Q: 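Supplied in structure tokens, the structure appears directly below.
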Number of protein chains: 2
Amino acid sequence: MSSSREFVSRTPVQGGATDQLRRSNLSNVLGLVHREGPLSRAELTRLTGLNRSTVGDLVAELAELGLVYEALPTTGNVPGRPSPIVHAQSGVVAIAINPEVDAIHVGLVGMSGRVLAKVRLEAATAPTPADVVRLASAAIAGLLSGREASLRVVGIGVAVPGQVRVSDGTVREATHMGWAEEPLSRMLSEATTFPAWAANAANLAMRAESVFGAGKGVDDFVYFIGGASGIGGGAVTGGRLLSGAAGYAGEFGHSFVRSRGTRCSCGATGCLEAEVTQAGLLEAVGLAPAEAGLLGSRLASSRDPGVRALISEQLDLLAIAVRTAVNLFNPTLVVLGGFLSDLYDAGGREGDALLSDAIRSAREDVRIEGAASASDQLLIGCGELVFSELIADPASLLLH
Amino acid sequence: MSSSREFVSRTPVQGGATDQLRRSNLSNVLGLVHREGPLSRAELTRLTGLNRSTVGDLVAELAELGLVYEALPTTGNVPGRPSPIVHAQSGVVAIAINPEVDAIHVGLVGMSGRVLAKVRLEAATAPTPADVVRLASAAIAGLLSGREASLRVVGIGVAVPGQVRVSDGTVREATHMGWAEEPLSRMLSEATTFPAWAANAANLAMRAESVFGAGKGVDDFVYFIGGASGIGGGAVTGGRLLSGAAGYAGEFGHSFVRSRGTRCSCGATGCLEAEVTQAGLLEAVGLAPAEAGLLGSRLASSRDPGVRALISEQLDLLAIAVRTAVNLFNPTLVVLGGFLSDLYDAGGREGDALLSDAIRSAREDVRIEGAASASDQLLIGCGELVFSELIADPASLLLH
DNA sequence: GGTGATTTGTTGTCTCGAGAAACATATTAG
DNA sequence: CTAATATGTTTCTCGAGACAACAAATCACC
């Protein structure tokens, strides 16, 4: 699906000026190196459809900006002059912040998509936004200290468990944190002087999944992720992230799945996240909330009829949400993350059980997969939030 | 997906990238004139951000292609040299075909977005695809006869009440018509020699709404339309039509709205279109199926408690589908068409009744509107299907 | 009805990005 | 060591659009 022709057509040239064309091409090259990992210039030439000489020029410009570097290739066994390998500069980093009820995670993510360092700051009570700014600022200083020379910070990405207006990074509502209308990214950028962006955590997990995980190269997929505090998600349609008007799109946790159901924290009844919960499954198999990591194996191995019945019931409810998602988005892939993946595995990974009620045309070409659940998924997603800004206009780095 | 890149590879033309820039700018200008109606060159200059001289050049090229013409402006009361008004050539037409159970509608749609002519071909029984090809071909010949000199047919757009694979115009399933796996657009293009495209009818109605109706200029909206044969819909997200992997996206009629509900024609239970039906409402107010046009006024004026209860119940079910749509798409607008608009009006147009269960952040900036229900909506949508291909690459017309 | 201000079309020149081709270089195969 | 092959590098050309100078057409005002 990622042939060179498609790639070019996927990024149509907008606007008028020739320098916009240049910017678009720079963006394409940098984006490829970021997403696909190190690529030879010859491969870049094929993937972009551009001329050899042009690619050489673009790479030289990106190298001058300090965003990529070229290295000699490891000797392959192909004839011809070896093509230098273009690497993303991993010294170009984003700061990732993920506040949660019991802790704040802070990390450094390199442009290669790898987490270079991270710390977990324990919190006795749910941190306030001011706490986050204070604690994270200190942690950032610690992570950066002594490495200032080799690191270049592009900005800060924040993953918030709640609704975030992406245009200005305001947290509209984060029920579990007890936040409302908090200008979090402004506070962070004022405290640190780095530009900051914020978004919904589940959406950022999906971004990581889209660039480096199961959704890599997939133009149309939906993502469901279940955690202790509920179910979130997101969608990619036509190769683009679905954000909606303000960034609240993809709240699959609030898909309707049951008439006269449980009241949800959002105020409605019958929401997926009110009906299908990690807490309920943990309790059924006798695990404490902190032992969620064991849920998958316990569910899979349990022969208790009550547990099997619960798994079946929860899968039926999940199937309703998946059905609606498939009917509305017509994806080729449904990715399940967190405890939803455990649930799916426990049910025998029968895709049909989740898809059989979707309309036939739409369900035929859908596959279901577990998320490539890296523990650093969220931090990588934060990095994506930052790097996507850089990749959209690599030359903008000159301005800082 | 006939991207520009493929075109280049078929006909080796000098210059690939600058050429693409030119095409993109031609496309922008033609698209503006198509969507916004006649515009002066000065306005085009402002809207595109291009240079005066460039816009002049682009318009000249489009005029040479026979796609636009310039006319002297009506005297405005502004100083300065008057700017010529650029009009879309309405002689450039698309053929619109909409097969239904009881009739086939065939029309001519000008690039200005107006229906120039139309005929309704009655059908005693649901027509087969072969019937459609035969009857529509004859109707097309009739519509074009005598006007060949002044008309330039770009292609055929077909609105099908069912799931259509947009890549090749195959009807995968059209339950009400009794069709399955019919290569309709190939059949039509072979019979008429015109290129043909097909898509889901509700989706095309939404396209018309998006370009000329309530959704004009709105980047994020969802569209629900109810008719005799069910409920369809579509969505625009980030300014782009949501099509999904194959073109089946936006089936809001198959959103889940009720546990243990009625069995739907799709095989599932609890689908919106199985629970909220035009037939049920017609029966409640004592109208025959053919009198659907009167439904709105009957519902609005009825004081029968049974009818009021039914309206209330149906609105509650619709609200569930709207809630899910708002939570998943975060639109700024929900457009209701067909009998759903009647239903909404009968309920007093209380937006809150439809939105109150959506998550707060997402529902705040949503407004609900009735569709700009032009009777020609579907034919205009068919035209859009064709013209969007032309507008994507205006120079392609040279090849025909 | 003339005159100036204003806006826009038109024309010629300039810049810049990318493609093409010739040439140079580095590897593999034998 | 040589031929084949693939790719980097350099130079030239082309084309799209910006820019600036000039021309044209309208309005406002006297």
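Chain A is the first sequence line, chain B the second, and so forth, proteins listed ahead of strands; every chain is numbered from 1. Just so it is clear, the model here is predicted, and its values are computed rather than measured. Any value given below was found using the heavy atoms of this structure, including those in side chains, with hydrogens, waters and symmetry copies removed.
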Q: Separation of B/E43 atom CD from C/dG9 atom C1', in whole Å?
A: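 Rounding to the nearest Å, CD of B/E43 and C1' of C/dG9 are 15 Å apart.
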Q: Looking only at side-chain N and O atoms, does A/R240 offer a donor or acceptor that is under 3.5 Å from a partner on B/T237?
A: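 No, A/R240 and B/T237 have no side-chain donor paired with an acceptor closer than 3.5 Å.
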Q: For A/L26 and C/dG17, give me the distance from atom CG to atom P, rounded to whole Å.
A: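 From A/L26 CG to C/dG17 P: 10 Å.
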Q: Would you say the side chain of A/P82 lies within less than 4.5 Å of the side chain of A/P73, judging by non-hydrogen atoms?
A: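 A/P73 reaches A/P82 side chain to side chain.
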Q: Hey, is the side chain of A/S83 poking within less than 4.0 Å of OP1 or OP2 on D/dG8, counting only N and O atoms?
A: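 The answer is yes; a side-chain N or O of A/S83 sits under 4.0 Å from OP1 or OP2.
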Q: Grab the CZ-P distance between A/R81 and D/dT7 for me, whole Å please.
A: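 Interatomic distance, CZ of A/R81 to P of D/dT7: 11 Å.
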Q: Given that A/R22 and A/P82 both sit by DNA chain C, which one's nearest nucleotide is further toward the 5' end?
A: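 Final value for this comparison: A/R22.
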Q: Taking N and O atoms by type only, does the side chain of B/R52 place a donor or acceptor under 3.5 Å from a partner on the base of C/dG9?
A: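 Side chain to base: pair found, below 3.5 Å.
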Q: Report the residue (B/T54 or A/P84) whose heavy-atom-nearest nucleotide on DNA chain D is the more 5′ of the two.
A: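 Result of the comparison: A/P84.
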Q: Do the non-hydrogen side-chain atoms of A/V33 and A/V59 ever get within less than 4.5 Å of each other?
A: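 Result no, sub-4.5 Å side-chain heavy-atom pair not found.
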Q: To the nearest angstrom, how far is A/D57 atom CG from C/dG17 atom P?
A: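 A/D57 atom CG is separated from C/dG17 atom P by 8 Å.
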Q: To the nearest Å, how far apart are A/D19 CG and C/dA18 C1'?
A: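 Nearest whole value for this atom pair: 14 Å.
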Q: For A/N25, report the nucleic acid contact type (base, sugar-phosphate, nothing); a contact means any heavy atom under 4.0 Å.
A: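 Sugar-phosphate, no base atom in range.
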Q: Just wondering, do A/Q89 and A/V68 contact through their side chains at under 4.5 Å, heavy atoms?
A: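 SC-SC contact between A/V68 and A/Q89 ruled out.
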Q: C/dA18 C1' sits how many Å from A/Q20 CD, rounded?
A: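 Rounding to the nearest Å, CD of A/Q20 and C1' of C/dA18 are 16 Å apart.
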Q: Does any donor-acceptor pair link the side chain of A/S53 with the base of C/dA20 at a separation under 3.5 Å?
A: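 For A/S53, whose side chain was compared with the base of C/dA20, there is a donor-acceptor pair (under 3.5 Å).
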Q: What nucleic acid atoms does B/R46 come within less than 4.0 Å of, heavy atoms only: base, sugar-phosphate, or nothing?
A: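 Sugar-phosphate: the residue B/R46, judged by heavy atoms under 4.0 Å, touches backbone atoms but no base.
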Q: Rounded off to whole Å, could you give me the CG-to-C1' distance for the A/N28 and C/dG17 pair?
A: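 For the pair A/N28 CG and C/dG17 C1', the rounded distance is 14 Å.
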Q: Find which nucleotide of DNA chain C each of A/N51 and A/P79 is nearest to by heavy atoms, and output the residue with the more 5' nucleotide.
A: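 The 5'-side residue here is A/N51.
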Q: Find the distance A/L50:CG to D/dG8:C1' and express it as a whole number of Å.
A: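 It works out to 16 Å between those atoms.
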Q: Does either side chain, that of A/R207 or that of A/S388, offer a donor lying less than 3.5 Å from an acceptor on the other one?
A: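 Indeed, the side chains of A/R207 and A/S388 share at least one donor-acceptor pair under 3.5 Å.
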